[in-house]
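The structure under discussion appears below in the form of C-alpha coordinates.
Sequence lines set the chain letters: A, B, ... in the order given, protein chains first and strands last, and positions in each chain run from 1.
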There are 2 protein chains.
Amino acid sequence: MMEQTDAVAALSALAHAGRLEVFRLLVKAGHAGMAAGKIAEATGTLPNTLSASLNILTHAGLIHSRREGRSVIYSADFEAMSGLLTFLMEDCCSGEPAICGPVADLARAGTCATEGCA
Amino acid sequence: MMEQTDAVAALSALAHAGRLEVFRLLVKAGHAGMAAGKIAEATGTLPNTLSASLNILTHAGLIHSRREGRSVIYSADFEAMSGLLTFLMEDCCSGEPAICGPVADLARAGTCATEGCA
DNA sequence: TCCATATTTCGAGAAATATAGAAATATAGC
DNA sequence: GCTATATTTCTATATTTCTCGAAATATGGA
(Lines give C-alpha, C1' and ligand atoms only; values in the text may rest on other atoms or scores of the structure.)
Protein backbone atom coordinates (compact mmCIF):
# COMPACT_ATOMS: atom_id res chain seq x y z
CA MET A 1 0.00 0.00 0.00
CA MET A 2 1.20 3.46 -0.91
CA GLU A 3 2.50 5.82 1.78
CA GLN A 4 1.60 9.47 1.85
CA THR A 5 5.24 10.31 1.14
CA ASP A 6 5.14 8.26 -2.07
CA ALA A 7 1.86 9.83 -3.08
CA VAL A 8 3.26 13.34 -2.61
CA ALA A 9 6.32 12.41 -4.66
CA ALA A 10 4.14 11.04 -7.46
CA LEU A 11 1.77 14.01 -7.37
CA SER A 12 4.70 16.45 -7.35
CA ALA A 13 6.18 14.72 -10.35
CA LEU A 14 2.89 15.01 -12.23
CA ALA A 15 2.25 18.59 -11.09
CA HIS A 16 4.16 20.08 -14.00
CA ALA A 17 2.81 20.61 -17.50
CA GLY A 18 5.84 19.15 -19.23
CA ARG A 19 6.10 16.08 -17.04
CA LEU A 20 2.37 15.44 -17.12
CA GLU A 21 2.51 15.57 -20.90
CA VAL A 22 5.41 13.12 -20.92
CA PHE A 23 3.65 10.76 -18.55
CA ARG A 24 0.43 10.75 -20.54
CA LEU A 25 2.42 10.15 -23.69
CA LEU A 26 4.01 7.13 -22.06
CA VAL A 27 0.65 5.90 -20.82
CA LYS A 28 -0.56 6.03 -24.39
CA ALA A 29 2.57 4.27 -25.59
CA GLY A 30 1.85 1.33 -23.31
CA HIS A 31 4.42 -1.34 -22.52
CA ALA A 32 6.27 -0.66 -25.76
CA GLY A 33 7.36 2.69 -24.35
CA MET A 34 9.13 5.45 -26.20
CA ALA A 35 12.74 6.53 -26.74
CA ALA A 36 13.84 9.69 -24.95
CA GLY A 37 14.62 11.32 -28.27
CA LYS A 38 11.14 10.57 -29.60
CA ILE A 39 9.61 12.06 -26.48
CA ALA A 40 11.73 15.19 -26.87
CA GLU A 41 10.64 15.43 -30.48
CA ALA A 42 6.98 14.89 -29.66
CA THR A 43 6.92 17.43 -26.84
CA GLY A 44 9.38 19.95 -28.26
CA THR A 45 11.59 20.04 -25.20
CA LEU A 46 15.37 20.31 -25.06
CA PRO A 47 17.13 17.01 -24.40
CA ASN A 48 18.58 18.12 -21.07
CA THR A 49 15.29 19.52 -19.83
CA LEU A 50 13.52 16.34 -20.84
CA SER A 51 16.18 14.26 -19.15
CA ALA A 52 15.53 16.11 -15.91
CA SER A 53 11.81 15.48 -16.29
CA LEU A 54 12.33 11.78 -16.97
CA ASN A 55 14.62 11.57 -13.98
CA ILE A 56 12.00 13.09 -11.69
CA LEU A 57 9.25 10.81 -13.00
CA THR A 58 11.55 7.83 -12.57
CA HIS A 59 12.44 8.69 -8.99
CA ALA A 60 8.74 9.11 -8.26
CA GLY A 61 8.31 5.53 -9.47
CA LEU A 62 5.89 6.50 -12.22
CA ILE A 63 8.05 5.39 -15.13
CA HIS A 64 11.04 3.16 -15.76
CA SER A 65 13.60 2.77 -18.53
CA ARG A 66 15.58 0.21 -20.45
CA ARG A 67 18.41 0.70 -22.88
CA GLU A 68 18.04 -0.48 -26.46
CA GLY A 69 21.16 0.20 -28.48
CA ARG A 70 21.85 3.90 -28.45
CA SER A 71 18.37 4.77 -27.26
CA VAL A 72 16.87 4.66 -23.80
CA ILE A 73 13.27 3.54 -23.87
CA TYR A 74 10.95 4.91 -21.22
CA SER A 75 7.60 3.43 -20.29
CA ALA A 76 4.89 4.12 -17.75
CA ASP A 77 4.67 2.03 -14.60
CA PHE A 78 1.03 1.03 -14.59
CA GLU A 79 1.19 -0.54 -11.17
CA ALA A 80 2.42 2.74 -9.70
CA MET A 81 -0.34 4.55 -11.56
CA SER A 82 -3.05 2.34 -10.16
CA GLY A 83 -1.43 2.57 -6.74
CA LEU A 84 -1.68 6.34 -6.83
CA LEU A 85 -5.28 6.28 -7.99
CA THR A 86 -6.13 3.77 -5.30
CA PHE A 87 -4.49 5.96 -2.68
CA LEU A 88 -6.42 9.01 -3.84
CA MET A 89 -9.73 7.17 -3.82
CA GLU A 90 -9.48 4.83 -0.87
CA ASP A 91 -10.51 7.35 1.75
CA CYS A 92 -13.46 8.39 -0.34
CA CYS A 93 -15.38 5.45 0.98
CA SER A 94 -14.65 5.65 4.67
CA GLY A 95 -17.08 8.46 5.36
CA GLU A 96 -20.19 8.13 3.26
CA PRO A 97 -20.18 5.34 0.68
CA ALA A 98 -23.02 7.08 -1.12
CA ILE A 99 -20.62 9.79 -2.28
CA CYS A 100 -17.84 7.56 -3.47
CA GLY A 101 -19.92 5.36 -5.74
CA PRO A 102 -20.46 8.02 -8.42
CA VAL A 103 -16.81 9.04 -8.22
CA ALA A 104 -15.67 5.51 -8.85
CA ASP A 105 -18.20 5.12 -11.64
CA LEU A 106 -17.09 8.35 -13.27
CA ALA A 107 -13.46 7.34 -13.10
CA ARG A 108 -14.31 4.01 -14.63
CA ALA A 109 -16.52 5.55 -17.27
CA GLY A 110 -13.80 8.03 -18.15
CA THR A 111 -11.33 5.24 -18.47
CA CYS A 112 -13.43 3.29 -20.83
CA ALA A 113 -14.99 6.11 -22.81
CA THR A 114 -12.30 6.10 -25.47
CA GLU A 115 -12.89 2.60 -26.68
CA GLY A 116 -14.61 -0.55 -25.65
CA CYS A 117 -12.39 -1.85 -22.88
CA ALA A 118 -14.39 -3.77 -20.38
CA MET B 1 -13.81 17.94 -19.57
CA MET B 2 -10.77 18.91 -17.59
CA GLU B 3 -7.93 20.81 -19.27
CA GLN B 4 -4.30 20.00 -18.68
CA THR B 5 -3.89 23.38 -16.96
CA ASP B 6 -6.60 22.50 -14.44
CA ALA B 7 -5.10 19.09 -13.86
CA VAL B 8 -1.69 20.59 -13.15
CA ALA B 9 -3.27 23.06 -10.72
CA ALA B 10 -5.09 20.26 -8.92
CA LEU B 11 -2.02 18.02 -8.84
CA SER B 12 0.15 20.89 -7.59
CA ALA B 13 -2.33 21.58 -4.83
CA LEU B 14 -2.25 17.94 -3.76
CA ALA B 15 1.52 17.62 -4.12
CA HIS B 16 2.15 18.78 -0.58
CA ALA B 17 1.97 16.64 2.54
CA GLY B 18 -0.05 19.16 4.54
CA ARG B 19 -2.54 19.91 1.79
CA LEU B 20 -2.94 16.28 0.85
CA GLU B 21 -3.71 15.51 4.49
CA VAL B 22 -6.29 18.29 4.58
CA PHE B 23 -7.91 17.13 1.38
CA ARG B 24 -8.17 13.52 2.52
CA LEU B 25 -9.62 14.70 5.80
CA LEU B 26 -12.29 16.60 3.89
CA VAL B 27 -12.94 13.63 1.66
CA LYS B 28 -13.59 11.60 4.79
CA ALA B 29 -15.79 14.35 6.21
CA GLY B 30 -18.06 14.14 3.19
CA HIS B 31 -20.63 16.81 2.37
CA ALA B 32 -20.85 17.88 6.01
CA GLY B 33 -17.35 19.30 5.73
CA MET B 34 -15.21 20.59 8.55
CA ALA B 35 -14.54 23.98 10.12
CA ALA B 36 -11.13 25.50 9.45
CA GLY B 37 -10.37 25.50 13.16
CA LYS B 38 -11.16 21.81 13.45
CA ILE B 39 -8.90 21.07 10.52
CA ALA B 40 -6.10 23.06 12.11
CA GLU B 41 -6.62 21.15 15.34
CA ALA B 42 -6.72 17.77 13.61
CA THR B 43 -3.60 18.39 11.55
CA GLY B 44 -1.65 20.47 14.06
CA THR B 45 -1.00 23.34 11.67
CA LEU B 46 -0.94 27.04 12.48
CA PRO B 47 -4.09 28.89 11.43
CA ASN B 48 -2.35 31.08 8.89
CA THR B 49 -0.47 28.21 7.33
CA LEU B 50 -3.69 26.22 7.11
CA SER B 51 -5.48 29.19 5.59
CA ALA B 52 -2.86 29.33 2.86
CA SER B 53 -3.34 25.61 2.21
CA LEU B 54 -7.12 25.94 2.07
CA ASN B 55 -6.77 28.86 -0.28
CA ILE B 56 -4.60 26.87 -2.64
CA LEU B 57 -6.94 23.87 -2.59
CA THR B 58 -9.88 26.20 -3.20
CA HIS B 59 -8.26 27.92 -6.16
CA ALA B 60 -7.45 24.51 -7.57
CA GLY B 61 -11.18 23.76 -7.40
CA LEU B 62 -10.73 20.76 -5.13
CA ILE B 63 -12.63 22.16 -2.15
CA HIS B 64 -15.15 24.90 -1.43
CA SER B 65 -16.33 26.72 1.66
CA ARG B 66 -19.39 28.18 3.31
CA ARG B 67 -19.65 30.37 6.36
CA GLU B 68 -21.59 29.18 9.39
CA GLY B 69 -21.60 31.73 12.15
CA ARG B 70 -18.06 32.43 13.15
CA SER B 71 -16.73 29.32 11.45
CA VAL B 72 -15.93 28.68 7.83
CA ILE B 73 -16.80 25.15 6.83
CA TYR B 74 -14.71 23.54 4.12
CA SER B 75 -15.70 20.48 2.14
CA ALA B 76 -14.26 18.47 -0.71
CA ASP B 77 -15.52 18.99 -4.22
CA PHE B 78 -16.26 15.44 -5.29
CA GLU B 79 -17.00 16.40 -8.86
CA ALA B 80 -13.58 17.99 -9.19
CA MET B 81 -12.06 14.90 -7.63
CA SER B 82 -13.71 12.57 -10.09
CA GLY B 83 -12.78 14.96 -12.89
CA LEU B 84 -9.15 14.73 -11.97
CA LEU B 85 -9.23 10.94 -11.70
CA THR B 86 -11.00 10.76 -15.02
CA PHE B 87 -8.37 12.98 -16.59
CA LEU B 88 -5.55 10.86 -15.22
CA MET B 89 -7.13 7.65 -16.42
CA GLU B 90 -8.72 8.58 -19.70
CA ASP B 91 -5.60 8.24 -21.78
CA CYS B 92 -4.88 4.87 -20.28
CA CYS B 93 -7.33 3.34 -22.67
CA SER B 94 -6.37 4.96 -25.93
CA GLY B 95 -3.32 2.81 -26.52
CA GLU B 96 -3.88 -0.72 -25.33
CA PRO B 97 -7.17 -1.41 -23.55
CA ALA B 98 -5.68 -4.58 -22.10
CA ILE B 99 -3.47 -2.51 -19.80
CA CYS B 100 -6.10 -0.14 -18.55
CA GLY B 101 -8.61 -2.74 -17.42
CA PRO B 102 -6.61 -3.87 -14.38
CA VAL B 103 -5.83 -0.27 -13.46
CA ALA B 104 -9.50 0.65 -13.44
CA ASP B 105 -10.34 -2.49 -11.49
CA LEU B 106 -7.66 -1.76 -8.92
CA ALA B 107 -8.85 1.78 -8.49
CA ARG B 108 -12.37 0.58 -8.02
CA ALA B 109 -11.31 -2.20 -5.68
CA GLY B 110 -9.31 0.25 -3.60
CA THR B 111 -12.27 2.54 -3.45
CA CYS B 112 -14.59 -0.07 -2.15
CA ALA B 113 -12.19 -2.00 0.05
CA THR B 114 -12.99 0.00 3.15
CA GLU B 115 -16.62 -0.90 3.32
CA GLY B 116 -19.36 -2.33 1.21
CA CYS B 117 -20.10 0.45 -1.21
CA ALA B 118 -21.26 -0.99 -4.49
C1' DT C 1 -20.02 49.48 21.99
C1' DC C 2 -16.66 46.30 23.74
C1' DC C 3 -14.68 41.86 23.94
C1' DA C 4 -13.75 37.13 22.55
C1' DT C 5 -13.49 33.79 18.91
C1' DA C 6 -12.48 32.42 14.10
C1' DT C 7 -10.12 33.11 10.01
C1' DT C 8 -7.56 35.63 6.60
C1' DT C 9 -4.07 38.82 4.73
C1' DC C 10 0.50 40.93 4.70
C1' DG C 11 5.41 40.77 4.47
C1' DA C 12 9.90 38.67 4.60
C1' DG C 13 13.42 35.31 4.65
C1' DA C 14 14.74 30.49 3.54
C1' DA C 15 14.36 26.63 0.72
C1' DA C 16 13.06 24.18 -3.29
C1' DT C 17 12.28 24.02 -8.24
C1' DA C 18 12.77 25.11 -13.29
C1' DT C 19 15.42 26.05 -17.34
C1' DA C 20 19.25 26.34 -20.39
C1' DG C 21 24.08 26.24 -22.15
C1' DA C 22 28.08 23.58 -22.17
C1' DA C 23 30.50 19.56 -21.27
C1' DA C 24 30.58 14.64 -20.36
C1' DT C 25 29.20 9.78 -21.01
C1' DA C 26 27.52 5.70 -23.57
C1' DT C 27 26.73 3.06 -27.70
C1' DA C 28 27.10 1.78 -32.69
C1' DG C 29 29.33 1.49 -37.00
C1' DC C 30 33.33 2.25 -39.97
C1' DG D 1 40.65 4.26 -32.72
C1' DC D 2 37.59 7.69 -34.75
C1' DT D 3 33.16 9.74 -35.64
C1' DA D 4 28.25 10.29 -35.22
C1' DT D 5 24.14 9.70 -32.51
C1' DA D 6 21.66 9.54 -28.04
C1' DT D 7 21.28 10.87 -23.48
C1' DT D 8 22.81 12.59 -19.14
C1' DT D 9 25.36 15.50 -15.85
C1' DC D 10 27.23 19.86 -14.39
C1' DT D 11 26.66 24.63 -13.24
C1' DA D 12 24.44 28.84 -12.80
C1' DT D 13 20.51 31.84 -12.74
C1' DA D 14 15.71 32.98 -12.39
C1' DT D 15 11.58 31.91 -10.36
C1' DT D 16 8.41 29.94 -7.37
C1' DT D 17 6.97 28.02 -3.12
C1' DC D 18 6.91 27.38 1.94
C1' DT D 19 6.47 28.95 6.57
C1' DC D 20 5.88 32.00 10.17
C1' DG D 21 4.95 36.23 13.08
C1' DA D 22 2.19 40.11 13.22
C1' DA D 23 -1.63 42.63 11.93
C1' DA D 24 -6.20 42.88 9.95
C1' DT D 25 -11.02 41.38 9.13
C1' DA D 26 -15.46 39.14 10.28
C1' DT D 27 -18.94 37.37 13.34
C1' DG D 28 -21.48 36.68 17.77
C1' DG D 29 -22.65 37.76 22.42
C1' DA D 30 -22.61 40.61 26.79
Subject >> Cationic N near anionic O, under 4.0 Å, A:R66 to A:E68 >> reply: yes
**OP:** Determine: side-chain N/O of A:Y74 to OP1/OP2 of D:dT8, distance under 4.0 Å, yes or no.
**Re:** yes
Original post:
For D:dC20, does either OP1 or OP2 sit under 4.0 Å from a side-chain N or O belonging to B:T49?
Top reply: yes
**OP:** Could you tell me the separation between the CD1 atom of B:I39 and the C1' atom of C:dT7, rounded to a whole number of Å?
**Re:** 12 Å
**OP:** Provide, to the nearest angstrom, the distance between the CG atom belonging to A:L46 and the P atom belonging to C:dA18.
**Re:** 16 Å
Original post:
With a 4.0 Å cut-off on heavy atoms, is A:S71 in touch with a base, just the backbone sugar-phosphate, or nothing at all?
Top reply: sugar-phosphate
Subject >> Hydrophobic cluster identity match, B:L26 and B:I73, side-chain contacts under 4.5 Å >> reply: no
Original post:
From A:L50 CG over to A:E41 CD, what is the distance, rounded to the nearest 0.5 angstrom?
Top reply: 12.0 Å
Subject >> DNA chain D: 5'-proximal contact among A:A52 and A:R70 (nearest heavy atom) >> reply: A:R70
Subject >> Closest-nucleotide ordering on DNA chain D, the 5'-leading residue of B:R19 and A:G37 >> reply: A:G37
**OP:** State which of C:dA18, D:dT8, C:dT7 makes the closest approach to the side chain of A:I56.
**Re:** C:dA18
Original post:
When the nearest nucleotide of DNA chain C is assigned to A:G69 and to A:S12 on a heavy-atom basis, which residue is associated with the more 5' position?
Top reply: A:S12
Subject >> Nearest-nucleotide comparison on DNA chain C, the residue closer to the 5′ end among A:A15 and A:E68 >> reply: A:A15
Original post:
Do A:R24's NZ or CZ and the ring of B:F87 fall within the cation-pi criteria of under 6.0 Å and 45°?
Top reply: yes
Subject >> Candidate nucleotides C:dT7, D:dT8, C:dT8, ranked by approach to the side chain of B:A35 - the nearest >> reply: C:dT7
Original post:
If you look at every strand shown and take non-hydrogen atoms under 4.0 Å, does B:A40 touch a base, only sugar-phosphate, or nothing?
Top reply: nothing
**OP:** Is it possible for you to say whether A:F23 and A:I56 belong to one hydrophobic cluster, with membership spreading through side-chain heavy-atom contacts below 4.5 Å?
**Re:** no
Original post:
How many Å lie between CD on B:E41 and P on C:dT7, as a whole number?
Top reply: 11 Å
Subject >> Between P of D:dT7 and CD1 of A:I63, the distance in whole Å >> reply: 13 Å
Original post:
Can you tell me how far P of D:dT16 sits from NE2 of A:H16, to the nearest Å?
Top reply: 12 Å
Original post:
Starting at CZ of B:R67 and ending at P of D:dT25, how long is that distance when rounded to a whole Å?
Top reply: 14 Å
Original post:
Quick one: B:N48 CG to D:dA23 P, roughly how many Å, whole number?
Top reply: 13 Å
Original post:
What is the distance, rounded to the nearest whole Å, between atom NE2 of A:H59 and atom C1' of D:dT8?
Top reply: 13 Å
Original post:
Out of D:dT8, C:dA20, C:dT8, which nucleotide sits closest to the side chain of B:P47?
Top reply: C:dT8
